[in-house]
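First the proteins, then the strands, lettered A, B, ... as listed; each starts at 1.
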There are 2 protein chains.
Amino acid sequence: MSTSQPKTPTSQIRSSTEFARYVGLARTTVSRVLNGQPGLKPKTIERVKRAIEETGFVPNAYALHLKGKRTATVGICIENLLTPPVVRKLASLQRLLREDNFTSLIEVIEPGNSDKVIRHFLSMRVEAVVFIGHFNEDDLTRHVAELGARETPHLVIDHVGIKGANTVSLDRTKAMRVLMDHLLDYGHRTFALLAFNSPARSVLDRLHGIGDALAARGLVLEQCTSAHDGVYPRVNDFEEGRRIARAFVESGKVPTAFIAVNDEVAIGAMHGLQEAGLRVPQDVSVAGFNNLDVCLMPTPALTSIDQRIEETIQVAQEVLLPQLGQPLRARSLVRLIEPLLVARGSTGPVRS
Amino acid sequence: MSTSQPKTPTSQIRSSTEFARYVGLARTTVSRVLNGQPGLKPKTIERVKRAIEETGFVPNAYALHLKGKRTATVGICIENLLTPPVVRKLASLQRLLREDNFTSLIEVIEPGNSDKVIRHFLSMRVEAVVFIGHFNEDDLTRHVAELGARETPHLVIDHVGIKGANTVSLDRTKAMRVLMDHLLDYGHRTFALLAFNSPARSVLDRLHGIGDALAARGLVLEQCTSAHDGVYPRVNDFEEGRRIARAFVESGKVPTAFIAVNDEVAIGAMHGLQEAGLRVPQDVSVAGFNNLDVCLMPTPALTSIDQRIEETIQVAQEVLLPQLGQPLRARSLVRLIEPLLVARGSTGPVRS
DNA sequence: GATAAAAACGGACACGTATCTTAAAGTTGA
DNA sequence: TCAACTTTAAGATACGTGTCCGTTTTTATC
């Protein structure tokens with residue numbers, strides 16, 4: 001086969017050798033052009049550039065890394081449950097990383113596959129691993145330790161309390177303190193807790209915050225709060241909120257303030273209460289969590305806690321980037337994000 | 001430095017040579033164990049396995065591929081707007097791919113960066129590229145052609161009408177025909193179209209479906225439908241729906257059926273109509289699109305079209321998998337998914 | 001304990017790329 | 001035209017791994 005025919009179809013070019021043959025230059029010369037080295041005639045550079053246009057030649061990333069080029073890849077682990085806040089965090093983080101020319105490798109952690117995911121990331125020689133969400137604490141602790149042993153930086157977003165972990169998280173405890181103070185200031189003393197029956201660390205932290213706020217006013221969690229939760233996990237949060245609200249109404253003991261684990265449950269409950277003839281916020285106050293768009297939908301609009309996702313991810317980036325390609329930090333680093341109470345019409349003074 | 005000390009910290013092992021030294025075997029022997037070749041003593045295999053446990057050694061994926069191993073990677077392009085349906089498709093697809101031991105490389109396509117993304121995928125030697133969502137038609141057509149030239153299979157999900165593209169998509173035209181028939185059977189003859197003023201192909205397809213259904217009964221689109229859309233894109237779909245509903249009420253000409261571009265706009269509109277004193281479905285019918293969980297929230301629950309995402313992605317997998325690692329198909333393939341009308345309380349007979 | 005079979009060793013090469021080095025070719029200036 | 005300089009060519013080596021192959025060591029069998 002003659003090698004001097006430049007009419008080779010584009011599909012055939014799969015290596016720099018073949019590409020150099022197509023251009024009609026030495027492979028080393030082409031390589032120098034591709035890597036922007038000095039001492040090349042503009043005409044030569046132009047020739048190579050045009051050939052790239054014509055053939056669409058793309059160097060093999062695997063060979064590049066083998067030759068010492070950084071992989072510029074970050075592994076991101078996310079939890080199975082793709083809630084809107086998780087998706088937004090993921091999207092924001094990937095966007096910020098992309099701005100710094102980093103690629104992200106995204107994997108969903110499911111029960112039992114986390115070792116496999118970490119192994120895959122290590123095999124891909126990621127420059128860092130980020131965990132977004134809530135995971136099995138033992139697994140997570142182990143992974144953080146293993147990554148440390150492999151000189152691979154890590155960052156845990158939203159799961160606080162992991163030993164030795166670099167952590168960025170909304171201060172969920174404080175978030176609930178802020179919300180409780182808001183309601184306590186309105187005079188509320190009896191609280192319904194909706195769907196807080198999750199074993200997730202994030203929910204426990206929030207319960208602590210509720211307890212703290214009550215204790216600060218000399219109140220006791222167990223005496224002020226009540227619940228009618230169903231099985232966890234839930235199929236449909238709206239329906240569950242509605243169901244719980246009805247359960248409270250039917251029990252005859254209706255607290256003055258309803259605090260839901262998230263906005264969906266809160267809105268479901270709000271509808272349930274309204275259908276039972278209770279007025280929001282005149283008869284009962286309702287509060288959610290996450291400050292999703294959906295908060296604006298009901299009448300009145302839902303009071304909620306904003307996670308400040310952009311700020312969280314911004315801080316995550318600030319923590320992560322300086323570690324990439326550097327020797328591992330000795331001490332781990334924890335940054336808590338201030339929550340933001342968004343008070344709307346669904347909360348108001350207790351009926352006197 | 002003595003090489004016989006097996007107390008080397010795990011972090012130092014970064015190649016099979018170092019690992020073999022740690023185990024105390026020849027590199028070739030270790031390699032044969034790792035690749036499950038025959039003719040090895042069980043004891044030797046055990047020794048290597050234990051060393052893997054101890055050191056956490058993971059072969060370099062980049063070197064593996066260079067030696068001819070498949071990358072087992074699929075590139076997935078998604079659109080900028082992470083709506084719940086897109087997220088669910090992405091998650092489903094990634095899950096199915098993972099079951100077949102494929103990794104996915106996910107990149108967001110933003111205006112102007114699509115070439116860069118495709119180049120990155122090609123550089124990573126992905127075995128296929130999947131597009132989920134709606135993109136610039138010219139770009140997409142070009143990418144499909146380029147991937148063909150590179151012998152790389154592709155699949156376009158949800159964007160129909162791309163020349164030469166393998167496509168899997170909900171039949172959006174039919175979806176709207178089905179919904180229109182539902183409403184026409186109820187006697188509706190005047191329709192409000194809410195927020196259909198998007199240039200996206202998916203929206204145009206749906207408008208065609210609406211027109212077809214009307215034409216089939218001898219009706220004319222322009223005479224039966226009206227709109228009060230605001231600027232596109234919208235900040236908050238609920239608010240926009242509410243605003244449009246109010247605009248209809250204030251105009252004094254209120255159609256009997258409201259058809260929204262999605263569930264959020266529909267629910268916003270429903271609230272707007274109810275606040276203006278209109279009863280749903282006695283006075284007006286309202287229908288959405290996507291059948292999100294949120295459809296169950298309003299009273300009455302919202303009639304919507306289900307995209308049948310699981311089925312869509314299932315078909316996508318069936319189309320994609322046989323192409324991986326195979327010579328390119330000559331003819332492109334188009335599969336349309338049947339939509340599913342989910343009729344709920346928000347639609348009913350027209351007021352007589 | 002001798003012999004054969006099984007297992008492990010260790011050198012060599014390949015994959016696609018970057019980079020260093022030395023040599024050759026081309027270009028410029030006087 | 002020749003020297004001096006610039007540009008390109010081409011060879012060699014390296015990265016981490018798999019695999020082939022000839023050789024050596026270990027194990028099993030009688």
Side-chain angles (χ1 to χ4, degrees), chain A residues 3-4 12-49 51-52 55-73 119-120 122-127 150, chain B residues 3-4 11-49 51-52 55-73 119-120 122-126 150:
Chain A
T3 62
S4 58
Q12 298 304 3
I13 295 187
R14 298 210 81 86
S15 76
S16 60
T17 307
E18 292 170 5
F19 177 66
R21 192 178 303 142
Y22 174 89
V23 188
L25 288 170
R27 192 179 61 76
T28 47
T29 305
V30 171
S31 176
R32 289 176 54 210
V33 173
L34 292 176
N35 292 280
Q37 294 190 2
L40 294 160
K41 266 199 296 192
K43 209 168 158 185
T44 307
I45 297 178
E46 187 49 42
R47 192 139 66 109
V48 172
K49 293 222 161 133
I52 290 181
T55 64
F57 170 68
V58 186
N60 185 322
Y62 290 79
L64 288 177
H65 167 58
L66 209 51
K67 270 305 298 173
K69 281 250 191 315
R70 294 172 61 173
T71 57
T73 300
R119 280 229 316 283
H120 175 231
L122 290 172
S123 146
M124 291 300 291
R125 300 297 190 256
V126 296
E127 300 196 16
R150 304 303 212 67
Chain B
T3 63
S4 58
S11 64
Q12 298 303 4
I13 296 188
R14 298 211 80 86
S15 76
S16 59
T17 308
E18 291 169 6
F19 177 65
R21 191 179 302 143
Y22 173 90
V23 188
L25 290 169
R27 187 180 69 79
T28 48
T29 306
V30 170
S31 176
R32 290 177 54 212
V33 173
L34 292 176
N35 292 280
Q37 294 189 3
L40 294 159
K41 268 199 296 191
K43 208 167 156 185
T44 307
I45 296 178
E46 187 50 43
R47 193 139 67 107
V48 172
K49 293 220 161 136
I52 289 180
T55 64
F57 170 67
V58 185
N60 184 322
Y62 290 80
L64 288 178
H65 168 57
L66 210 51
K67 270 305 298 174
K69 281 248 193 312
R70 294 173 61 174
T71 57
T73 300
R119 279 229 318 282
H120 174 232
L122 289 172
S123 152
M124 292 300 290
R125 300 297 191 254
V126 296
R150 303 305 208 71

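For C/dG16, neither phosphate oxygen OP1 nor OP2 lies less than 4.0 angstrom from any side-chain nitrogen or oxygen of A/Ser16.
Distance CD1 (B/Ile45) to C1' (C/dA7): 11 Å, rounded to an integer number of Å. Rounding to whole angstrom units, CE of residue A/Met124 and C1' of D/dG16 are separated by 14 Å. For the pair A/Phe19 CZ and C/dT17 P, the interatomic distance rounds to 11 Å; values are reported in whole Å. Rounded to whole Å, atom P of C/dG16 lies 16 Å from atom CG of B/Leu122. The distance from atom CG of A/Asn60 to atom P of D/dC15 is 18 Å, rounded to the nearest whole Å. One can place CZ of A/Arg125 at 11 Å from C1' of D/dT17, the figure rounded to the nearest angstrom. Atoms NE2 (A/His65) and C1' (D/dA14) sit 14 Å apart, rounded to a whole Å. Remark: P of C/dC15 and CG of B/Leu66 are 9 Å apart, rounded to the nearest angstrom.
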Under 3.5 Å, side-chain donor or acceptor atoms of residues 30-39 of chain B against the rest of the protein: list the pairs with distances, not counting sequence neighbours.
{"residue": "B/Arg32", "atom": "NH2", "partner": "B/Pro38", "partner atom": "O", "Å": "3.0"}
{"residue": "B/Asn35", "atom": "ND2", "partner": "B/Ser31", "partner atom": "O", "Å": "2.8"}

For residues 57-69 of chain B, please give each side-chain donor-acceptor pair under 3.5 Å, one per line with the distance, not counting sequence neighbours.
{"residue": "B/Asn60", "atom": "OD1", "partner": "B/Tyr62", "partner atom": "N", "Å": "2.7"}
{"residue": "B/Asn60", "atom": "OD1", "partner": "B/Ala63", "partner atom": "N", "Å": "3.3"}
{"residue": "B/His65", "atom": "ND1", "partner": "B/Lys69", "partner atom": "O", "Å": "2.8"}

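The backbone N or O of A/Arg14 sits less than 3.5 Å from a side-chain atom of A/Glu18, completing a donor-acceptor pair.
A/Leu34 comes within contact range of no nucleotide atom at all, as no heavy-atom separation falls under 4.0 Å. Note on A/Gly68: nothing from the nucleic acid sits closer than 4.0 angstrom, heavy atoms only. As judged by a 4.0 angstrom heavy-atom cut-off over every strand, A/Ala63 is placed among the base-contacting residues.
Nucleotides of DNA chain D nearest to A/Leu40 and B/Val30 differ in position, and the one nearer the 5' end is that of A/Leu40.
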Per-nucleotide protein contact string for nucleotides 19-30 of chain D (B base, S sugar-phosphate only, - none; heavy atom under 4.0 Å): BB------S---
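Across every non-hydrogen atom of B/Phe19 and B/Thr55, the tightest pair is CE1-OG1, 3.5 Å. Listed here is the closest heavy atom pair of B/Val126 and B/Thr71: CA-OG1, 4.3 Å.
Here the CZ-OG1 distance, from A/Arg125 to A/Thr73, works out to 12.0 Å after rounding to the nearest 0.5 Å. Taking CZ from B/Arg27 and OG1 from B/Thr17, the interatomic distance works out to 5.0 Å, rounded to the nearest 0.5 Å.
For B/Phe57, the side-chain atoms get nearest to D/dT17 when compared with the rest of D/dA9, D/dT17, C/dT17.
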